[in-house]
Protein chains: 2
Amino acid sequence: MAESSTRTVERALVLLGAVCDAGSIPLADAARETGLSASTALRLLRTLEGTGFVRRDAAGAYRPGLRVVQLGVQALAHESLVSLAEPALERLVALTGESAYLSVPSHDGEGIYLAMREGTHSVRHASWVGRSIPLDGTAVGAVLRGEEPAAGFVVVRNGIEADITAIAAPVSPGGQVVAAISVVIPSYRITPAGTRRIGALVAAEADALLAHIPSAPAGQDLTGEPA
Amino acid sequence: MAESSTRTVERALVLLGAVCDAGSIPLADAARETGLSASTALRLLRTLEGTGFVRRDAAGAYRPGLRVVQLGVQALAHESLVSLAEPALERLVALTGESAYLSVPSHDGEGIYLAMREGTHSVRHASWVGRSIPLDGTAVGAVLRGEEPAAGFVVVRNGIEADITAIAAPVSPGGQVVAAISVVIPSYRITPAGTRRIGALVAAEADALLAHIPSAPAGQDLTGEPA
DNA sequence: CTGTAGATTTCACTTATTGAAACGTCCTTT
DNA sequence: AAAGGACGTTTCAATAAGTGAAATCTACAG
């Protein structure tokens with residue numbers, strides 16, 4: 001039985017996702033969006049409510065509950081990658097003035113931002129931690145998939161977002177890509193020379209990120225605590 | 001059937017909680033801790049894994065997955081209370097040098113820190129966002145329960161944590177307590193006069209927090225977006 | 001080499017989930 | 001005012017789905 005499942009739980013989790021995506025959603029919409037019957041959705045949402053994963057507001061609509069916040073923040077704190085990366089992101093911002101990101105592959109064929117540092121320019125790119133990013137047509141995506149061009153970094157000009165240029169480099173201890181460091185810049189501000197310079201910086205930081213790690217045996221699981 | 005349930009989902013969520021609490025936990029421990037049979041725990045954890053809520057590390061142990069981080073951060077961002085409170089916390093830190101917190105009642109009879117601002121003193125109290133706090137014997141607890149003494153703030157000296165004094169005041173638009181603002185101080189640093197001064201500051205900030213809000217009808221649901 | 005502990009799979013039992021339908025309510029429409 | 005529609009909620013019989021004891025396998029410690 002390679003296939004697991006547990007339909008009920010899967011459905012509940014999908015519902016939870018829908019509620020979190022929406023921020024606030026009435027029962028009927030949640031049911032529609034997840035393709036569940038109203039009664040099933042109600043029952044599952046009630047279970048989620050009873051455990052604090054969602055709550056109802058005065059209007060009766062469902063919202064993400066505090067348990068979600070709690071577990072999420074806890075989990076984020078346990079991700080040692082972000083604490084390792086933070087100084088690197090900071091340096092990148094200091095040296096480039098642009099926003100810098102750490103992202104990792106998610107389970108569903110996308111990527112997700114785990115940490116960011118906002119740039120200092122007044123016109124800056126603003127994404128946010130926890131945001132999903134497609135792997136197609138993005139610099140981060142190319143890197144997370146393992147396409148590392150000779151230069152050591154990937155540049156995507158006006159990819160998913162128009163007028164935005166992204167420069168990304170892989171964090172790949174032992175050849176296995178576990179994360180990407182990237183810098184995102186309004187395209188009008190970028191020059192060929194600047195691209196090379198920043199690309200080199202990003203690649204250098206990405207390389208250095210896990211260089212100190214004594215002996216990452218198989219280059220696996222560096223998303224957890226190093227201990 | 002006033003009682004909801006859905007045993008399977010509840011169990012899965014308890015497991016998820018256990019994994020997040022532990023940070024990293026092998027199947028057997030998770031099963032023991034939740035009182036589930038190994039096979040059931042395995043099946044549920046697999047479901048959680050398939051949806052990205054947990055993942056396995058190289059050793060096979062379970063850890064919080066990225067989905068948890070993602071939803072948690074999303075949810076936290078949607079909490080308008082924290083954006084409203086942040087300036088207040090900042091001011092408190094500026095005026096007192098001590099760490100300041102925003103907390104709300106959780107679903108399980110505890111409280112949870114939703115936002116914090118670290119103090120500037122070299123010896124400071126460090127808790128963290130997402131942390132649970134008991135309601136018994138804490139200043140925050142007293143406030144969240146609705147016990148507002150005449151002074152407008154509660155002081156608890158050496159409560160749960162020894163050598164720590166906490167001063168908390170309720171955020172209660174329309175009489176209903178929805179949150180608490182608090183400052184936490186190493187006890188040796190506090191004086192009677194300082195307590196009064198800080199208490200007044202905390203109470204003032206807590207009062208002012210939702211004063212601007214045009215017309216919070218029944219004083220409900222201010223944890224969500226004000227729209 | 002033997003014994004214990006964990007992880008994983010199998011499988012028969014039945015419990016617990018399911019969704020259509022019915023109900024009450026609150027709107028908007030005619 | 002009455003009719004229509006949408007939503008939240010409850011009921012209930014059918015059965016799909018989850019359960020846990022036991023068996024299997026591996027890894028490791030004695």
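Below, all heavy atoms of this structure are taken into account, side chains as well, without hydrogens, waters or symmetry copies. Keep in mind that what you see is a predicted model, and the values were worked out from it rather than measured. Quick note on labels: first sequence line is chain A, next is B, and so on, each numbered from 1.
- Of the residues in residues 29-38 of chain B, B/S37 come within less than 4.0 Å of DNA chain D through at least one heavy atom, sorted by number.
- No donor-acceptor distance shorter than 3.5 angstrom exists from the side chain of B/E118 to the backbone of B/S99, with no hydrogens or angles considered.
- At a cut-off of 3.5 Å, with distance as the only test, a side-chain donor of A/Y62 or A/R56 sits close to an acceptor on the other residue.
- Separating the CD atom of B/E10 from the C1' atom of C/dT15 is a distance of 15 Å, rounded to the nearest angstrom.
- With sequence neighbours excluded, no residue forms a side-chain hydrogen bond (donor to acceptor under 3.5 Å, both in side chains) with A/D163.
- Atom CG of B/L81 and atom CG of B/L209 lie 7.0 Å apart (nearest 0.5 Å).
- Inter-residue side-chain proximity for A/L201 and A/L92 is flagged as met; some heavy-atom pair is nearer than 4.5 Å.
- If you measure from atom CZ of B/R43 to atom P of C/dT17, you get 13 Å, rounded to the nearest angstrom.
- A sub-4.0 Å separation between OP1 or OP2 of D/dT19 and a side-chain N or O of B/R11 is present.
- At distances below 3.5 Å, at least one donor-acceptor pair connects side-chain atoms of B/R55 with backbone N or O atoms of B/P64.
- The residue among A/A61 and A/R7 whose nearest nucleotide of DNA chain D is located toward the 5' end is A/A61.
- Residue contacts shown for A/S39 include a base, since a base heavy atom lies under 4.0 Å away.
- In the set D/dT9, C/dG19, D/dG20, D/dT9 carries the atom at the smallest distance from any side-chain atom of A/R56.
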Mind listing the side-chain donor-acceptor pairs of residues 139-147 of chain A below 3.5 Å, one per line with the distance, residues two or more places apart or on another chain?
| unit_1 | atom_1 | unit_2 | atom_2 | d |
| --- | --- | --- | --- | --- |
| A/R145 | NH1 | A/L135 | O | 3.2 |
| A/R145 | NH1 | A/D136 | OD1 | 3.1 |
| A/R145 | NH2 | A/D136 | OD1 | 2.8 |

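- For B/R46, taking side-chain heavy atoms from C-beta onward, the closest of the listed nucleotides D/dA17, C/dT17, C/dT8 is C/dT8.
- Atom CG of A/L27 and atom P of D/dT9 are 7 Å apart (whole Å).
- The closest donor-acceptor contact from the side chain of B/D57 to the backbone of B/A61 lies under 3.5 Å.
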Output a table of nitrogen or oxygen pairs between the protein and nucleotides 3-5 of chain D separated by less than 3.5 Å.
none

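- Here the P atom of nucleotide C/dG6 and the OH atom of B/Y62 are 14 Å apart, to the nearest Å.
- Taking both residues in full, the closest heavy atoms of A/I112 and B/L66 are given as CD1-O, 4.0 Å, listed atom of the first, atom of the second, then distance.
- A/T40 places no side-chain N or O within 3.5 Å of a backbone atom of A/L36 that could act as its donor or acceptor partner.
- Evaluation of the side-chain hydrogen bond (donor to acceptor under 3.5 Å, both in side chains) rule for B/E161 yields B/H125 as partners, not counting sequence neighbours.
- End-to-end axis angle of the helix from C/dC1-D/dG30 to C/dT30-D/dA1, using five pairs per end and rounding to 10°, comes to 40°.
- Distance check: A/E10 CD to B/F53 CZ gives 11.0 Å after rounding to the nearest 0.5 Å.
- Of all nucleotides listed (C/dT18, C/dT17, D/dG8), D/dG8 comes nearest to the side chain of A/P26.
- Atom CG in B/L45 sits about 14 Å away from atom P in D/dG20, given to the nearest Å.
- Note: CG (B/L44) to P (C/dT9) measures 15 Å, nearest angstrom.
- Separating the CG atom of B/L42 from the P atom of D/dT24 is a distance of 18 Å, rounded to the nearest angstrom.
- For D/dG18, one of the phosphate oxygens OP1 or OP2 lies less than 4.0 angstrom from a side-chain nitrogen or oxygen of A/T8.
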